[in-house]
Protein chains: 2
Amino acid sequence: MTDFLAQRDSWSTANCSIARTLDVVGNRTTLLLLREASFGTRRFDDFARRVGVSEPVAAARLKQLVADGLLDRRPYREPGQRTRDEYVLTAKGRDLLPVLAALREWGDTYAVEEPSVRLAHHDCGAAVHVALRCAAGHDVPADQVELLPGPGLLPS
Amino acid sequence: MTDFLAQRDSWSTANCSIARTLDVVGNRTTLLLLREASFGTRRFDDFARRVGVSEPVAAARLKQLVADGLLDRRPYREPGQRTRDEYVLTAKGRDLLPVLAALREWGDTYAVEEPSVRLAHHDCGAAVHVALRCAAGHDVPADQVELLPGPGLLPS
DNA sequence: CGGCTGACTTAGGAAAACAAAAGCCAGCTA
DNA sequence: TAGCTGGCTTTTGTTTTCCTAAGTCAGCCG
């Protein structure tokens, strides 16, 4: 096969999956809100305070996350309280957890001394890591990942 | 064990690994430059054109990536040409590939019809995916990931 | 030795993101 | 029915990020 990477200019990244994903979660605040959602945070002011952003920013980003289908906004009611809205991860939002896990793992290695949160396998208690693996079940080190043209490749 | 997530306000995310990582790669352009680097792009104007940013932005981001140790800038010389500088991923930069792979995989599922690039295992040709797995070797589905306090946890 | 090309830097300005402060509204609670 | 609280929205102003356009500089090439 011809090495399509060597002709990088012959194909465009107009519909690159990474770029499209970054259209949705390409800003810091959005990813930190998802981090909080993964911690179980549900209420508006908890999101704003824990992420450390102002209310207008939290409101705008949460609204966008709901519009993009990553969070579900739904009413709930604690006994003796009025109805409130909570934000919870959808399946689409939960599928971003590997991104958060990968960011966390890099930060644990290169950006902090001691991690403040660990991921463990609920069943066996062992530490959880992000791994690349192939459909045949092999662990794939980074230098054994080959990039190949996919069906959606566009000429540039 | 007490559920530390239930007391989310009792600990801070001041040294959160995710936040620290986003300090480095928390913007779209930076991640797209790393994508290009993973495609093998090395030259300044190729980065700028392929990522679709202006030269000043490319220069600033590449400089920051070099300062942060994700890219190495080094002189090279093609025969008959003058000396130029190229940017190549360092080990620290390569360790962000799981982040890119996770972003790509989410985009393949939710944001594009057909992926334009596939990842394959060089040895066996099978498709490569990002997976969560525990130290005991189990595949860990997202709902079996448990969050536990780590040694670097700070009171808020 | 003067032009060209690659790799930037500088200057100027528009757009987006963000913060602080204040206002609004619904629905308990007194 | 008059607060009070949670969940926002509005306003105003600053900072950051990005753009275009133009300028700089080094060194090979004729």
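Throughout, protein chains are lettered first and strands after them, A, B, ... in sequence-line order, and every chain is numbered starting at 1. Given the structure is predicted, the values throughout are model-derived calculations rather than measurements.
- Between C:dC8 and B:Lys63, no contact under 4.0 Å exists linking OP1 or OP2 to a side-chain N or O.
- For the pair B:Glu55 CD and C:dG12 P, the interatomic distance rounds to 19 Å; values are reported in whole Å.
- For the pair A:Tyr87 and D:dC8, the criterion of a side-chain N or O lying under 4.0 Å from OP1 or OP2 is met.
- Between the side chains of A:Thr90 and A:Asp72, no donor-acceptor pair is found at a separation under 3.5 Å.
- The interatomic distance linking B:Asp45 (CG) with C:dA7 (P) rounds to 5 Å, in whole Å.
- For the pair B:Leu32 CG and D:dC18 P, the interatomic distance rounds to 10 Å; values are reported in whole Å.
- Separating the CG atom of A:Leu71 from the P atom of D:dG7 is a distance of 15 Å, rounded to the nearest angstrom.
- Nucleotide C:dA20 holds its P atom 15 Å from the CZ atom of A:Arg49, rounded to whole Å.
- When the P atom of C:dC18 is taken as reference, atom CG of A:Asn27 falls 5 Å away, rounded to whole Å.
- Each of B:Pro56 and B:Asp46 lies near DNA chain C, and the nucleotide nearest B:Asp46 is the one positioned closer to the 5' end.
- With 3.5 Å as the limit, one finds a donor-acceptor pair spanning the side chains of A:Gln144 and B:His121.
- Between B:Phe44 atom CZ and C:dG6 atom C1' the separation is 9 Å, expressed in whole Å.
- With respect to B:Arg49 and A:Asp9, a salt bridge is recorded, a charged nitrogen being found less than 4.0 Å from a carboxylate O.
- In terms of phosphate contacts, A:Thr29 brings no side-chain nitrogen or oxygen within less than 4.0 Å of OP1 or OP2 of C:dA17.
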* To do: Take A:Arg74 and A:Glu86, measure what side chain to side chain contact (heavy atoms under 4.5 Å, CB included) needs, and give me the verdict at the end.
  => CA-CA 6 Å; A:Arg74 56 194 195 199; A:Glu86 63 177 1; 3.2 Å; yes
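- Inspection of the B:Thr13 and A:Arg50 side chains reveals no N or O donor paired with an N or O acceptor under 3.5 Å.
- DNA chain C is contacted by both A:Val53 and B:Ala59; B:Ala59 maps to the nucleotide lying nearer its 5′ end (nearest heavy atom per residue).
- At D:dT5, none of the side-chain N or O atoms of A:Arg84 fall inside 4.0 Å of OP1 or OP2 (strictly under the cut-off).
- Taking the side chain of A:Arg73 as heavy atoms from C-beta on, and the options C:dC18, D:dG7, D:dC8, the nearest nucleotide is D:dC8.
- Atom-to-atom, CZ of A:Arg28 to C1' of C:dA19 comes out at 15 Å; the value is rounded to the nearest Å.
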